[in-house]
Amino acid sequence: MNNPCLKAVMVQFPDVDPASMPWPEDADTWEQKDLELFIGSGGFLKPKKKKAEAKPQAPSTVPRATATQRPPPAEAAGIEDMPSGFEVPGFSRERCVITMPVRVHCEDTTPYGHVRLESLTAFAERIRSLALKQIMGVSLADLKEMKLAILATEYVIEITGQSFRVLDSLRIDTSPEFPAAPLFPWETTMHSEDGQVYAQGRFGLNLCRISDAGTYSGIEEAGYREFTDQMRKWVNPNRCVFSPTALRFFNAYKEAGKPFKPTSYREVVYVVRASDCDMYNVLFQARVPSFLESCSQRYNPSAMYVNIRTSVRPGDSLAVHLFSEDDAMLFLCLRGKECVLSAFGIYGATRPMFKEAVKCASVRIPPLLKFCQQQGDRPTPNEDCDMSLLP
């Protein structure tokens, strides 16, 4: 790849090996912002192709978003309380969040007394989808007809509370933010009936255009501003963690102060099922914790970071590489030579997701990938990942 901007862009991504990226043929002609989008998403998001000999357009009269142009809290914006109910999201002025109760049924529970991570992730997806349709006026079906999609590329879901009883309800609170195209993240907290926080999640969604060939590309800034214009009043600026200059997902998490240090390594094969996928014919993000459970044979996850690096479809055969220590596991899922999905799970007693774990399953992938493909020795230990104890 001979793009003249690449060297300057790679300064922002010191842990990424450019040779490991799946560069498209036209990458040599990309602008710097296009390279940043592609590398920052792990090769998942590609810039929209420019039309040849496009006529120059008049300068936009829409002001660009800046860190100081965030909308005020809902109280200042005059948004009224909106009552919520099951399958009906509302709005709380007091907490400045979109909110909705969800009933926990038997199929949502686990043998170890908690709610399944798959169900918690699906609850977060449900309130987002219902809020888009019932509050913001656009459904996922509408988006598909507009050849748009909101895709989850990174997320963390973690249990922070004690055990949970079947048929109790969770209060789901969520708030979006719009730092820069195409990122569309939502923060979510889930409260038990006594008001305590039971679980929390952060979902790094991306607003994408769908081509006639079915491929996805991050939406351009003008389209992003137009689509999100009426949604910005629902943002709670006091809860925002991203900005146009801070888009990396791992920056939302605190350091543990020590690297992940696995003591065992193995490989299994998983064939993606149709039931793992959604209406877009790609892997549904909530299914990841459950299909990785069948690969790992570990049954008590309390937190998981998931990085869906490119589209995964029914019938795909994945070579799943597992690196394990006592209470944590790193997953690298390869389709051929490409790492299409990675994840980091914490097991047993609850503890917070941490920056080193997120980096292990994102920016630290290239040297690990070479090791998995037997193309290199163990990666050199660093502050995030240390493979020196592997047999």
Side-chain angles (χ1 to χ4, degrees), residues 71-110 113-144 150 152 155-178 184-203 205 227-240 278-279 284-287 289:
E75 184 170 334
I79 300 176
E80 298 295 331
D81 265 329
M82 297 172 58
S84 64
F86 293 103
E87 298 293 306
V88 181
F91 186 81
S92 167
R93 280 170 57 88
E94 178 186 1
R95 302 189 303 278
C96 194
V97 292
I98 297 168
T99 186
M100 184 181 76
V102 173
R103 185 79 67 191
V104 174
H105 292 274
C106 188
E107 62 265 28
D108 301 313
T109 61
T110 68
H114 279 293
V115 182
R116 293 157 54 93
L117 293 187
E118 177 178 346
S119 292
L120 294 174
T121 306
F123 294 160
E125 162 67 17
R126 187 178 305 169
I127 189 173
R128 291 195 304 269
S129 299
L130 290 171
L132 283 169
K133 181 176 176 64
Q134 298 179 20
I135 295 180
M136 302 176 184
V138 58
S139 71
L140 296 181
D142 294 333
L143 287 175
K144 190 174 183 182
I150 298 174
Y155 72 85
V156 165
I157 187 71
E158 51 189 331
I159 296 171
T160 59
Q162 303 302 313
S163 59
F164 203 87
R165 299 187 307 174
V166 67
L167 293 182
D168 277 2
S169 61
L170 284 168
R171 189 190 79 220
I172 316 294
D173 288 351
T174 192
S175 176
E177 53 180 301
F178 306 99
F184 187 13
W186 292 65
E187 182 190 28
T188 303
T189 55
M190 306 183 189
H191 302 257
S192 55
E193 292 185 348
D194 62 4
Q196 299 298 310
V197 175
Y198 173 73
Q200 55 193 16
R202 180 170 287 112
F203 299 84
L205 310 184
F227 181 83
T228 62
D229 182 59
Q230 296 302 313
M231 301 181 185
R232 293 173 181 268
K233 61 186 177 182
W234 306 105
V235 174
N236 182 346
N238 297 322
R239 298 175 64 150
C240 292
D278 57 22
M279 68 180 185
F284 180 48
Q285 69 265 22
R287 284 289 302 152

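These numbers come from the heavy atoms of this one structure, side chains and all, not from hydrogens, waters or symmetry mates. Positions are given from 1 along the sequence.
- The shortest side-chain heavy-atom distance between Thr110 and Leu117 does not fall under the 4.5 Å cut-off.
- Crowding of Glu107 atom CD: a count of heavy atoms from other residues, nucleotides or ligands under 6.0 Å exceeding 12.
- For Trp234 against Pro176, the heavy-atom pair with the smallest separation is O-CD, 3.7 Å.
- No side-chain heavy atom of Met190 sits less than 4.5 Å from a side-chain heavy atom of Val197.
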Practice task
In sequence, state the C-alpha distance, the side-chain angles, and the governing distance for Leu170 and Leu120, and then conclude on side chain to side chain contact (heavy atoms under 4.5 Å, CB included).
Solution key: CA-CA 10 Å; Leu170 284 168; Leu120 294 174; 3.9 Å; yes

Handout entry: Leu143/Val138 under side chain to side chain contact (heavy atoms under 4.5 Å, CB included): CA gap, chis, key distance, verdict
Key = CA-CA 7 Å; Leu143 287 175; Val138 58; 4.0 Å; yes

Problem - Verdict with reasoning, Met82 to Gln134, per side chain to side chain contact (heavy atoms under 4.5 Å, CB included) - result: CA-CA 11 Å; Met82 297 172 58; Gln134 298 179 20; over 6 Å; no

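- To the nearest 0.5 Å, atom CZ of residue Phe184 and atom OG1 of residue Thr228 are 7.5 Å apart.
- Ser92 is not listed as a side-chain neighbour of Asp173, based on a closest heavy-atom distance of 4.5 Å or more.
- Asp108 is not listed as a side-chain neighbour of Phe164, based on a closest heavy-atom distance of 4.5 Å or more.
- Tyr198 and His114 make their closest contact through OH-ND1, 2.7 Å (heavy atoms, listed as atom of the first residue, atom of the second, distance).
- For Glu193, the CD atom is densely surrounded, since the number of other residues' heavy atoms within 6.0 Å is greater than 12.
- Shown here for Glu187 and Thr174, the closest heavy-atom pair between the two residues is O-OG1, 3.0 Å.
- Ring planes of Tyr155 and Phe203: parallel class, angle under 30° (limits at 30 and 60°).
- Side-chain contact between Leu132 and Ser129: absent, with no pair of heavy atoms (C-beta onward) separated by less than 4.5 Å.
- Considering every non-hydrogen atom in both Val97 and Phe91, the closest pair reads O-CD1, 3.3 Å.
- Phe86 approaches Pro101 most closely through the heavy-atom pair CD2-O, 3.4 Å.
- The distance from atom OG1 of Thr121 to atom CD1 of Ile157, rounded to the nearest 0.5 Å, is 4.5 Å.
- Separating the CG atom in Asp168 from the CG atom in Asp194 is a distance of 9.0 Å, to the nearest 0.5 Å.
- Atom NE2 of His191 and atom CD1 of Ile172 lie 8.5 Å apart (nearest 0.5 Å).
- Put simply, the side chain of Arg103 reaches to within 4.5 Å of the side chain of Leu167, judged on heavy atoms.
- Between Ile98 and Ala131, the shortest heavy-atom distance links the atoms CG2-CB, 4.0 Å.
- You'll find the side chain of Thr189 reaches within 4.5 Å of the side chain of Arg239, heavy atoms only.
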Practice task
Run the numbers on Ile150 and Arg128 for side chain to side chain contact (heavy atoms under 4.5 Å, CB included), then give the verdict.
Solution key: CA-CA 10 Å; Ile150 298 174; Arg128 291 195 304 269; over 6 Å; no

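- Distance OG/Ser119 to NE2/His105: 10.5 Å, rounded to 0.5 Å.
- The closest side-chain heavy-atom distance from Val104 to Arg165 is not below 4.5 Å.
- Between the CD atom of Gln285 and the CD atom of Glu118 there is a distance of 10.5 Å, given to the nearest 0.5 Å.
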